[in-house]
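To start, the structure under review is shown below, and the notes come after it.
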Amino acid sequence: MTSIKNELISNELGYIFEEELVNDLIKIGKLKSIRADETIIQIGEKIQFLPIILDGSIKVVRENERGEELLLYYIESGDTCAMTLQCCMKSALSEVKAIAMEPSEIVMIPLEMMEVWMAKYSSWRSYILQSYHVRIQELIETIDAIAFMRLDERLLKYLKDHAKLLGTLEVIVTHQQIAEDLHSSRVVISRLLKQLETKGQIIINRNKIILKSI
DNA sequence: ACATTAAGTGATT
DNA sequence: AATCACTTAATGT
């Protein structure tokens, strides 16, 4: 019987992994459906599984003691969380928080399988290495943005990234949420958005910002 | 109609 | 660019 889970796994991961590994994934992985805005992992939570995204998208944020956030990067289907990779080597606690951007499907792999599969499957090894690579690239991009871009440029990049990720020019967020993701304040974001609107780059609605282009 | 939440504004640091 | 204090606008009940 082909379950939805099997379909999802072979459709999303069949190109990346060898057949035997796909079968292992189907046998061992636990499928988990996530609601939009659901928190998947909290900071300090013990990591028991390696999540691989089959459908949807997740945002990964850092958080300080005061609960203030900073968006690190997004992960999409086929991706796994590099932070989890790093943490699970020592089976440590999560350094980040992960929140679903939309309803998503993920497959959870018990951490024990990491080592077994590393030894057994070359496609698994290169997938893990590749994931590290991509994630570090993304982190560097984020660091560059924080260090070198002006907030208005960062804001526009944020909106465009968001739009690209969800495949729509209509970004559904409040100014407050943007401020939190960029670790700025609501008033500042509102003013910068106003400027972008005046420049004709966006249209502002309540709870929604419409990009003119990506 | 009223309360709540989102967004806009002017002044100050 | 951040914060405060306040206003206005939109939305839910």
Side-chain angles (χ1 to χ4, degrees), chain A residues 32-45 51 53 55-77 79 81-83 86-87 93-106 134-214:
Chain A
K32 198 168 177 217
S33 304
I34 312 284
R35 288 170 278 116
D37 296 323
E38 185 175 344
T39 300
I40 301 163
I41 308 170
Q42 277 285 358
I43 291 187
E45 202 171 303
I53 319 298
D55 190 30
S57 49
I58 313 289
K59 76 172 180 181
V60 176
V61 302
R62 190 92 243 262
E63 206 180 57
N64 68 12
E65 324 75 53
R66 269 171 284 173
E68 298 163 347
E69 298 184 348
L70 175 70
L71 176 63
L72 294 178
Y73 50 73
Y74 298 111
I75 49 185
E76 308 174 67
S77 14
D79 292 349
C81 178
M83 284 301 159
Q86 182 249 318
C87 295
L93 308 178
S94 179
E95 303 277 357
V96 298
K97 181 162 122 183
I99 304 148
M101 298 284 290
E102 50 186 328
S104 305
E105 298 291 332
I106 64 182
V134 173
R135 223 41 65 193
I136 285 172
Q137 289 296 110
E138 299 239 25
L139 268 182
I140 288 183
E141 198 181 317
T142 304
I143 291 171
D144 279 347
I146 296 168
F148 304 128
M149 290 170 82
R150 292 200 318 272
L151 190 52
D152 58 341
E153 300 175 293
R154 245 177 99 205
L155 173 58
L156 192 59
K157 173 172 157 48
Y158 169 88
L159 293 171
K160 289 185 173 183
D161 285 349
H162 196 296
K164 271 181 228 161
L165 185 77
L166 299 184
T168 166
L169 288 172
E170 303 198 350
V171 181
I172 313 285
V173 273
T174 63
H175 301 183
Q176 182 62 49
Q177 285 172 277
I178 300 173
E180 283 166 18
D181 283 343
L182 298 181
H183 195 233
S184 176
S185 68
R186 203 270 309 161
V187 193
V188 171
I189 296 299
S190 290
R191 286 178 174 146
L192 290 175
L193 283 170
K194 186 46 103 15
Q195 281 173 231
L196 288 175
E197 187 175 45
T198 314
K199 282 195 271 175
Q201 304 192 59
I202 59 170
I203 297 167
I204 302 174
N205 290 82
R206 183 180 236 243
N207 289 320
K208 179 162 80 176
I209 290 151
I210 302 166
L211 281 262
K212 289 291 180 59
S213 68
I214 291 196

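Throughout, protein chains are lettered first and strands after them, A, B, ... in sequence-line order, and every chain is numbered starting at 1.
Sorted by residue number, the members of residues 172-191 of chain A with any non-hydrogen atom under 4.0 Å from DNA chain C read A:Ser184, A:Ser185, A:Val187, A:Val188, A:Arg191.
In this structure A:Glu76 satisfies the salt bridge (Lys or Arg N to Asp or Glu O under 4.0 Å) test with no other residue, sequence neighbours excluded. Partners of A:Asn205 by side chain to side chain donor-acceptor pair (under 3.5 Å), not counting sequence neighbours: none found. Judged as a side chain to side chain donor-acceptor pair (under 3.5 Å), and not counting sequence neighbours, the contacts of A:Lys97 are A:Glu63, A:Glu69. In this structure A:Arg135 satisfies the salt bridge (Lys or Arg N to Asp or Glu O under 4.0 Å) test together with A:Asp79, A:Glu138, sequence neighbours excluded. Residues passing the salt bridge (Lys or Arg N to Asp or Glu O under 4.0 Å) test with A:Glu38 are A:Arg35, sequence neighbours excluded. Remark: A:Tyr158 pairs with A:Asp181 by the side chain to side chain donor-acceptor pair (under 3.5 Å) rule, at least two apart or across chains. The salt bridge (Lys or Arg N to Asp or Glu O under 4.0 Å) search around A:Arg62 returns A:Glu95, not counting sequence neighbours. With sequence neighbours left out, the side chain to side chain donor-acceptor pair (under 3.5 Å) criterion links A:Lys157 to A:Glu141, A:Asp161.
Each end of the helix from B:dA1-C:dT13 to B:dT13-C:dA1 gets its own rotation axis from five pairs of C1' atoms, and the angle between them is 10° to the nearest 10 degrees.
Judged by distance alone, the side chains of A:Ser57 and A:Glu102 do bring a donor and an acceptor atom under 3.5 Å apart.
Interface limits on DNA chain C: the 5'-most and 3'-most nucleotides within less than 4.0 Å of chain A heavy atoms are C:dA1 to C:dT11. Nucleotides of DNA chain B lying under 4.0 Å from heavy atoms of chain A occupy a range whose first and last members, 5' to 3', are B:dT5 to B:dA11.
Using a 4.5 Å cut-off on side-chain heavy atoms (C-beta onward), A:Ile178 and A:Leu159 make contact. Residues A:Ile40 and A:Pro51 have side chains not in contact (no heavy-atom distance under 4.5 Å, counting atoms from C-beta outward).
Taking each heavy atom of A:Leu169 and A:Ala163 in turn, the nearest pair found is CA-CB, 4.4 Å.
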